[in-house]
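This report concerns only the one structure given below.
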Amino acid sequence: MTIAAKERVLNINTINPLIKNVEYAVRGKLAIRAEEIRSDLEKGQGKYGFDRVVSCNIGNPQQLNQTPITFFRQVASLCDNPDLLKKENLALVSQLYPSDAITRAQTLLKSIGSVGAYSHSQGVPHIRDTVAQFIKERDGGHASDASHIFLTQGASSGVQTLLSMLTENEHSGIMIPIPQYPLYSATLALYGAVPVNYYLDETTGWSLDIAQLTESVTSARKQGTDVKALVIINPGNPTGQCLTAENLKEIITFCYEQRLVLLADEVYQTNIYEPETRPFVSFKKALMDHPSAEVREGVELVSFHSISKGMVGECGRRGGYFECVNLDSQVLDQIYKMSSVSLCPNLHGQILVDLMCNPPRVGEASYESYSNEIKTIYESLRRRSKKLEDVFNKMEGVSCQSAQGSMYLFPQVTLSQKVVDAAAKEGLAPDAYYSHAMLEATGVCVVPGSGFGQKENTWHFRSTFLPEEHLFDQFCSGIEKFHSDFLQKHV
Ligand SMILES: Cc1ncc(COP(=O)(O)O)c(C=O)c1O
């Protein structure tokens, strides 16, 4: 027998078994089917009652034609092509680029050198200084230490680094919300740590109750889990809630009392749609404002941010950062060592972090156009969020909490026994069956609630409200029609 015909050395039975436990619904079965349909449509194959696939399964704004912020791309392009900044080209370039884009690119290149070179493993020091300044301004003057900031390839890689640091052994537990963004459950499955679930309360707008956290940590510890950290996603994904300052304070006190590291996923901090009643408050600010000095100095906090969300939406550039507060210095050394193993976060992402954290200021050449672009995207997102929420709430058997923040709605759908039986026949959860049917009927790809976790015998799906505004009515009426046809078919 030839070697080729023998069983492969690397086969499904010999890979790391933990990898097989990883599930990531956002890009799961439904998304794969959506890609097949997209490819059919491009080739003119297959028969579908729609002419495009609308990917509402992922918060990826530019995939749905959100325009990039001009100033950001101007600076990025100058950094990519430094020839444009040569003396002999500057006169011409000044006709195409505003002066502040040119000066920013010059400043960045001075500290970076070339975007084609590895940078400091923790991220370019100048850009970390920009982030520290941003955090200080955002948090009402509380200082931030640039040497405790790590630039990352999107927030995801930062989260993975921290979860790996926290997994001491197979008894290590991390508290995660249910429903949750599946980066957390997937990464815990990969590292072999224990997810310790706590439930958000749908009836009160997905609020977070300390009694629920206490119950969850107590029962996990009773069962022998060494619970080490609490993950909070604020504003929530998929749930869209934005926590109050009072709630943040309680959570911080809880972490102090229970000796838990607090991981604050704050990637949606500028996607805030009810700013008067539910403004965003960072965990860093809440910690620094905590009345007890012991708590302020005792709670270990890591907070994550990203260029993928907000009005920036530069998901493909893979940029982000995390800030560490009150972490042991030897742990910081180990985080640094692990960052060095992957050499450095990509420079394009780092540049966007600099721009997100230090956008054009009043009086600078790009300020007006920059603010108009941000405002236009923000207002449109807010309108679309309200419109889709109304549509969901008008649909029979559907109830939907409003998105105080983030990019998602997570409606609950009542599904009949006929649906439950039909889904079981196909080996699907009822909400996955519903979501597949929606994709086949409308081209709209959502994610079933079972991919995020949900209370038993409740069914949900998550949809972004990112489809283009000029096509939004059509998008909404497609979903409404699908839903009523689906109900009729399954009475
Ligand atoms: C809550 C949350 N955290 C982290 C991420 C990861 O974002 P990125 O790695 O693109 O920064 C996402 C992406 O959707 C998210 O929703």
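First listed ligand is number 1; within each ligand, the first listed atom is number 1.
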For S306, the ligand 1 atoms whose distance to one of its heavy atoms is below 4.0 Å: 8 (P), 11 (O)
Contact (N/O only, under 3.5 Å) between L183 and ligand 1: no
Ligand-side contact atoms (ligand 1) for residue partner R318, heavy atom cut-off under 4.0 Å: 8 (P), 9 (O), 10 (O)
Shortest non-hydrogen contact between A143 and K284, atoms and distance: O-NZ, 2.9 Å
Region of F304 that comes within reach of ligand 1 [heavy atoms, distance under 4.0 Å]: neither
With F461, the ring-ring contact (aromatic ring centres under 6.0 Å, His included) member among F452, F410, F392: F392
Enumerated ligand 1 atoms positioned under 4.0 Å from heavy atoms of I233: 1 (C)
Under the side-chain hydrogen bond (donor to acceptor under 3.5 Å, both in side chains) test, residues paired with D129 that sit two or more places apart: none
Nearest non-hydrogen protein atom, atom 12 (C) of ligand 1: Y181 CE2, 3.4 Å
Carboxylate-amine/guanidinium contact D354 R104, below 4.0 Å: yes
Ligand 1 versus S156: contacting region, heavy-atom distance under 4.0 Å: both
Centroid-centroid under 6.0 Å between F50 and F475 rings: no
Minimum non-hydrogen distance to atom 14 (O) of ligand 1, winning option of Q153, Q180, K309: K309
Result of checking S342, S340, P345 against S121 for side chain to side chain contact (heavy atoms under 4.5 Å, CB included): S340
Interfacing atoms of ligand 1 (cut-off 4.0 Å, heavy-atom, D265): 1 (C), 2 (C), 3 (N), 4 (C)
Proximal ligand 1 atoms for S308, defined as those under 4.0 Å from one of its heavy atoms: 8 (P), 10 (O), 11 (O)
Pairs satisfying side-chain hydrogen bond (donor to acceptor under 3.5 Å, both in side chains), at least one member in residues 192-207, at least two apart: D201-T203, D201-T204, E202-Q412, E202-H460, T204-S207
